[in-house]
2 protein chains.
Amino acid sequence: MPKIGMEPIRRRALIDAAISAIGERGALNVTMSDIAGRAGVSTALAHHYFGGKDDLLFATMRHILTQLGNEIRPAIAPLSGPERVRAIIAVNLSPEQFRPEIIAAWLAFYVEARRDAALGRLFRIYVHRLHSDLLSGLAGLPRPAAIRTARGIAALIDGLYLRRALGEGVEDSRTAIFLVEDYLDMALARHTPHGGPFHG
Amino acid sequence: MPKIGMEPIRRRALIDAAISAIGERGALNVTMSDIAGRAGVSTALAHHYFGGKDDLLFATMRHILTQLGNEIRPAIAPLSGPERVRAIIAVNLSPEQFRPEIIAAWLAFYVEARRDAALGRLFRIYVHRLHSDLLSGLAGLPRPAAIRTARGIAALIDGLYLRRALGEGVEDSRTAIFLVEDYLDMALARHTPHGGPFHG
DNA sequence: TTTATTATTGATTGATGAGTCAATCAAGAA
DNA sequence: TTCTTGATTGACTCATCAATCAATAATAAA
């Protein structure tokens with residue numbers, strides 16, 4: 001163990017530990033000792049690198065959002081129209097994102113965002129980003145229908161997350177994706193001149 | 001102030017106070033003094049009537065669920081088919097249920113239910129009840145489509161709750177109801193021999 | 001009036017957990 | 001070797017909060 005360059009390693013380990021800890025308890029319960037313990041360091045070191053618990057949790061949420069962004073960006077970049085929307089759905093509900101501990105963290109942060117202004121801002125940026133990404137893929141629909149469908153898809157994804165967190169209802173990633181795509185198909189079919197309501 | 005028969009009054013006041021407190025903070029933060037203070041009594045009295053914080057919170061969630069059940073039961077009893085589904089949607093997203101503090105409580109309890117077994121059971125009963133109520137109204141659809149649609153509606157409602165809690169996206173009760181009914185209409189239209197996709 | 005019962009609280013206890021700090025360790029620089 | 005600097009922690013402080021309890025007030029029952 002060299003004595004230099006530990007910072008990025010510790011930061012990352014602490015963030016991973018925070019996600020893991022939040023995944024097991026409900027964010028409220030996580031303590032600095034729990035997180036630090038999982039990361040294999042003392043609470044003092046966690047404070048040293050992050051300043052305080054709030055900062056660590058904020059960094060953790062930012063990490064999760066960044067991670068999601070990094071998965072989404074390249075996935076949708078070359079696509080447009082419905083395929084772009086499908087890609088957004090697929091990534092948001094991918095096994096990677098649909099992991100119980102990630103879901104739990106989302107949920108916990110949703111709650112926390114109600115009180116923490118910085119966290120609230122972070123979320124609003126994410127929500128807005130998702131909405132405009134969806135809209136750009138729904139350009140084929142009349143504007144009001146596109147907006148409604150974008151909101152519907154976003155709400156469906158969040159709802160499926162919630163159900164997943166509770167451990168009830170839709171079980172796996174695949175089923176969840178199918179459910180949302182089904183919604184998308186119906187919305188698209190309504191504005192397709194005619195032919196069967198199914199396609200793809 | 002007579003010295004007898006205070007119990008039901010205090011219990012109710014404490015539960016209302018808990019909802020209000022949870023509405024302002026995120027359930028994690030609520031303290032017994034906060035709740036007791038809002039109810040105009042000492043923390044000792046709150047403990048006297050409820051035993052402990054967990055019991056008070058459990059009673060609070062049960063109250064919210066009971067309230068919802070009391071609104072839903074008479075509303076759907078005389079109805080069947082799509083109208084029954086519409087009634088379920090309308091009540092779940094009614095201004096009464098769509099109040100920010102109620103939503104915040106839901107969210108907080110969703111999180112808590114992950115750790116508290118009793119609370120988890122309570123939720124599972126609610127989820128199952130909602131699902132079978134929806135299914136009974138969707139009997140006109142083929143079984144797989146009915147199941148999928150019921151899950152979709154439930155997820156949409158939860159998702160809209162989440163968005164509401166975050167203070168973003170769909171604004172009011174009416175818009176939320178319209179969004180979910182739109183989903184229902186599409187699901188129904190797909191299995192209607194033909195004619196326009198809209199009705200009602 | 002006395003007695004039992006319900007309602008109610010102030011004060012206290014004990015636990016938990018965030019944040020701080022002075023001290024130690026290790027490795028590269030002088 | 002000495003000096004400096006990042007890494008690291010144990011021990012401590014301070015605040016918060018759930019829970020308890022003994023004491024008091026007020027009323028109904030005897």
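Reminder, nothing fancy here: chain letters follow the sequence lines and each chain counts from 1. In this text, all values refer to a predicted model and were calculated from it rather than measured experimentally.
- For the salt bridge (Lys or Arg N to Asp or Glu O under 4.0 Å) test, no residue two or more places apart in sequence or in another chain qualifies with A/Asp54.
- When the side-chain contact (heavy atoms from CB on, under 4.5 Å) test is applied to A/Ile153, the partners found at least two apart in sequence or on another chain are A/Val85, A/Ile89, A/Leu134, A/Thr149, A/Ile157, A/Val180, A/Tyr183, A/Leu184.
- Side-chain nitrogen and oxygen atoms of A/Arg10 include none within less than 4.0 Å of the OP1 or OP2 phosphate oxygen of D/dG6.
- Sorted by first and then second residue, the salt bridge (Lys or Arg N to Asp or Glu O under 4.0 Å) pairs with a member in residues 32-50 of chain A read A/Glu24-A/Arg38, A/Arg25-A/Asp34, A/Asp34-A/Arg38; sequence neighbours excluded.
- Listed by first then second residue, pairs satisfying salt bridge (Lys or Arg N to Asp or Glu O under 4.0 Å) with a partner in residues 99-110 of chain B read B/Glu96-B/Arg99, B/Arg99-B/Glu101, not counting sequence neighbours.
- For A/Arg12, the salt bridge (Lys or Arg N to Asp or Glu O under 4.0 Å) partners two or more places apart in sequence, or in a different chain, are A/Asp16.
- In this view, A/Arg129 and A/Asp133 satisfy the salt bridge (Lys or Arg N to Asp or Glu O under 4.0 Å) rule, not counting sequence neighbours.
- If you take NZ of B/Lys53 and P of D/dA19, they are 8 Å apart, rounded to a whole angstrom.
- For the segment residues 40-49 of chain B, the set of residues with a heavy atom within less than 4.0 Å of an atom of DNA chain D comprises B/Ala44, B/His47, in numerical order.
- Taking Ile, Leu, Val, Met, Phe, Trp and Tyr as members and joining any whose side-chain heavy atoms lie under 4.5 Å apart, directly or through other members, the hydrophobic cluster of A/Leu135 also contains A/Ile147.
- Where the helix from C/dT1-D/dA30 to C/dA30-D/dT1 starts and where it ends, the local axes point in directions that differ by 20°; five pairs per end, rounded to 10°.
- Between A/Tyr110 and A/Trp106, the angle of the ring planes lies from 30° to 60°, which puts this pair in the tilted group.
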